[in-house]
Amino acid sequence: MLKLDIRVGESVTIGDGIVLSLEKKSGQLARIAIRADPSLKIRRLEQAPVPPGPVD
């Protein structure tokens, strides 16, 4: 797994046709725009809530 730190307005490409852009950041929420071929299925993975605690 690759983890990246990016700032609002920055983008990351995946392969030849997927671009992820960080549009907005507020507290623990981030708005990410995904630009990809319409035939590509994109799903949001739901995760269990993370209990508050120290950050690594």
Side-chain angles (χ1 to χ4, degrees):
M1 175 186 296
L2 172 65
K3 295 183 181 184
L4 300 170
D5 293 325
I6 63 173
R7 292 182 170 86
V8 173
E10 293 182 334
S11 300
V12 175
T13 60
I14 300 173
D16 292 327
I18 303 170
V19 178
L20 301 176
S21 301
L22 180 57
E23 288 190 340
K24 182 178 179 181
K25 172 92 172 64
S26 177
Q28 292 186 0
L29 294 177
R31 177 174 292 161
I32 299 171
I34 303 169
R35 191 168 50 231
D37 187 282
S39 66
L40 183 66
K41 292 183 181 182
I42 300 172
R43 292 184 300 136
R44 177 180 175 162
L45 299 177
E46 300 298 330
Q47 296 182 349
V50 177
V55 177
D56 295 308

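Numbering starts at 1 and runs along the sequence shown.
Both Ile32 and Ile42 sit in one connected hydrophobic cluster of ILVMFWY residues. Membership requires side-chain heavy atoms under 4.5 Å apart, directly or through other members. Neither Val19 nor Leu22 shares a network with the other; the hydrophobic side chains, linked directly or stepwise wherever heavy atoms of I, L, V, M, F, W or Y lie under 4.5 Å apart, form separate groups for each. If you chain together hydrophobic residues whose side chains sit under 4.5 Å apart, Leu40 and Ile14 fall into the same group.
In terms of the side-chain contact (heavy atoms from CB on, under 4.5 Å) criterion, residue partners of Arg31 (sequence neighbours excluded) are, by chain and number, Glu23, Lys24. Qualifying salt bridge (charged side-chain N to carboxylate O under 4.0 Å, His left out) partners for Arg44, counting only residues two or more places apart in sequence or in other chains: Glu46. For Asp37, the side chain to side chain donor-acceptor pair (under 3.5 Å) test picks out Ser39, with sequence neighbours left out.
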Please set out all donor-acceptor pairs under 3.5 angstrom arising from side-chain atoms of residues 2-9, sequence neighbours excluded.
none

